[in-house]
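Sequence positions, counted from 1, serve as the residue numbers for this chain. Numbering of ligands and ligand atoms starts at 1, following listing order.
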Amino acid sequence: MTDLVRLSAAQLAQALTGGQVSSVEATQAHLDRIAAVDPAVHAFLHVSADAALDTARAVDRARGAGDDLHPLAGVPIAVKDVVVTRGQPTTAGSRILEGWVPPYDATIVTKIKAAGLPVLGKTNMDEFAMGSSTEHSGYGNTHNPWDLDRIPGGSGGGSAAAVAAFEAPLAIGTDTGGSIRQPASVTGTVGVKPTYGSVSRYGLIALASSLDQAGPVTRTVLDAAWLHQLIGGHDPLDSTSLTDPVPDCVAAAGAGAAGDLTGLRVGVITELGGEGYQPGVLARFRETLDLLTGAGAELVEVSCPHLDYALGAYYLILPAEASSNLAKFDGMRFGLRVTPESGSVTTERVMAATRGQGFGDEVKRRIILGTYALSAGYYDAYYGSAQKVRTLIQRDFAAAFERVDVLVSPTVPTTAFRLGEKLDDPLAMYLNDVATIPANLAGIPGISVPAGLSDDGLPVGFQVLAPVRADDRLYRVGAAVEAALESRWGGPLLAQAPELEVAR
Ligand code: GLN
């Protein structure tokens, strides 16, 4: 069989169903690829080879016995390390959770395991999902497979890099302000943030509970649709979980790939795409708009004036919720415990020493900011105002979706920047999410699909946003864009990525 790791999840699933390949062979091929390239990429924090191969063997046996299997059964997957996995270490990229082994699985992991997908391991991320470059991980940088001196995006840089480097055909990410879509954009992969509440958050280590959402990271739109349908749906264990059935994303991707978008109204967001956007990013964006019109879509310019305040509102709401969510990491319950070297050993001093040593700078910065924003006398001025802005943004989107079916923008203003370039400038780092954050504030779904390479030879992402619960529209438009661009490129964008040096 040709290079198994280069197949999409759908192609691999077909080969498994057709009996051309076993899940053990497919899983082993990915484990070998991880051994070969991950010393350079560092997408993984933990690799669970034995558990993955056990699942693969069980799936092969079940298939041999003629059991009814999920379409993705036997296709390996990587999981972001913010998602808890029973018996496998889970750190959320933080030293404070070093050595913690969760006693339970997140609901999405339960679904993945029940469907027979071997879990290859856990992927690197910015500590507690705070960041846009994965440089805030407590366990070292992940490198962008397109250029190892550049960032893979963040916070889910590990999941995106693993998929882009052919270490896994599928991965799970989480998106609180862009951590699935921004890494997808800068690595030439596909990333989806589903409607808030449509994928269970049970077993996700919370960053900001009103914004967090798990979703697929893949190389094709169809693969994302399959994974979305697997992990989506109501969960009684998550009180914010929607009761709606998951829309038929796979059918929508199939319809989109046929390339006919006649009658579709596409809104181009005025506020996302002007100053601060790299010329090459804007050029690829405009070319993609032309493809949409070519496929029969109607373009409309749409203004969402309050998006100018989205970043400001987000960086009050997120730290406020994070400061509360992270209070439980106190050296008493999970992972690290630091006893002060001198002086008395009191609970307070152990907590302070543990948090002082266990948390990194970005996490501390946001805890301080959030605690301040929530404190008496400041709550109304900061947190309260930010929530009002959030409502205005939701109204902007609601008004826009009266006029159009989907909204579009570049996913990220720039391509992947160099490691270290923005590390000393938190505001510059925050600006990378200016186009992804509004969707989280409004709870609406979004996808990033590859739109080509910028002048610097690095990937650019095209973002599509849809109304709450209309996630299937992302797949229709995403698949149409993908099909049109791939016929222009003569294959997937990732085929143009440089070969990685293979470790021996
Ligand atoms: N980069 C954004 C932040 O730092 C988004 C994070 C995320 O989506 N988890 O908050």
Side-chain angles (χ1 to χ4, degrees), residues 79-83 91-94 123-137 142 151-160 171-187 191-194 196 199 201 204-217 310-323 325-326 359-370 373 386 390 411-414 416-417 421-423 425-448 461 463 465:
V79 176
K80 189 178 180 183
D81 206 29
V82 74
V83 181
T91 66
S94 181
T123 57
N124 199 13
M125 53 180 288
D126 286 295
E127 185 175 10
F128 289 110
M130 298 181 192
S132 307
S133 66
T134 313
E135 293 169 290
H136 296 310
S137 168
T142 295
I151 60 106
S155 64
S159 282
I172 292 291
T174 59
D175 193 311
T176 303
S179 288
I180 290 175
R181 289 162 289 153
Q182 184 259 10
S185 179
V186 301
T187 58
V192 179
K193 181 203 99 70
Y196 179 76
V199 174
R201 291 190 302 110
L204 266 51
I205 298 174
L207 169 54
S209 309
S210 76
L211 304 162
D212 295 344
Q213 191 54 216
V217 180
L311 206 63
Y314 173 86
Y315 277 101
L316 283 167
I317 293 169
L318 178 136
E321 293 186 16
S323 70
N325 277 325
L326 296 186
F359 287 141
D361 289 350
E362 182 62 23
V363 172
K364 287 178 187 161
R365 187 179 295 130
R366 296 202 196 183
I367 290 175
I368 292 168
L369 199 65
R390 187 174 188 172
T411 311
V412 185
T414 66
F417 47 90
E421 196 178 314
K422 301 194 188 210
L423 209 46
D425 188 350
L427 289 184
M429 187 78 88
Y430 296 170
L431 271 170
N432 225 246
D433 293 309
V434 68
T436 48
I437 278 172
N440 301 80
L441 289 172
I444 62 174
I447 190 172
S448 179
Q463 177 174 245
L465 304 172

Is there a donor in the side chain of Asp212 and an acceptor in the side chain of Thr174, or the other way round, less than 3.5 Å apart?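 Judged by distance alone, the side chains do not pair up.
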Any side-chain to backbone donor/acceptor pair from [X] onto [Y]? Under 3.5 Å, distance only.
{"X": "Glu362", "Y": "Gly131", "result": "no"}
{"X": "Ser185", "Y": "Arg181", "result": "no"}
{"X": "Thr436", "Y": "Asp433", "result": "yes"}

So if I only count non-hydrogen atoms and take anything under 4.0 Å from ligand 1, which residues does that give, chain by chain?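 Residues near ligand 1: Ala129, Met130, Gly131, Ser132, Ser155, Asp175, Thr176, Gly177, Gly178, Ser179, Leu207, Tyr314, Tyr315, Leu318, Arg366, Asp433.
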Without placing hydrogens or testing angles, list every side-chain donor-acceptor pair under 3.5 Å for residues 153-160, not counting sequence neighbours.
| from | atom 1 | to | atom 2 | distance (Å) |
| --- | --- | --- | --- | --- |
| Ser155 | OG | Lys80 | NZ | 2.8 |
| Ser155 | OG | Ser179 | OG | 2.8 |
| Ser159 | OG | Thr123 | OG1 | 2.9 |
| Ser159 | OG | Ile172 | O | 2.8 |

Does the side chain of Tyr196 reach to within under 4.5 Å of the side chain of Asn440, using non-hydrogen atoms?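 Answer no - side chains too far apart.
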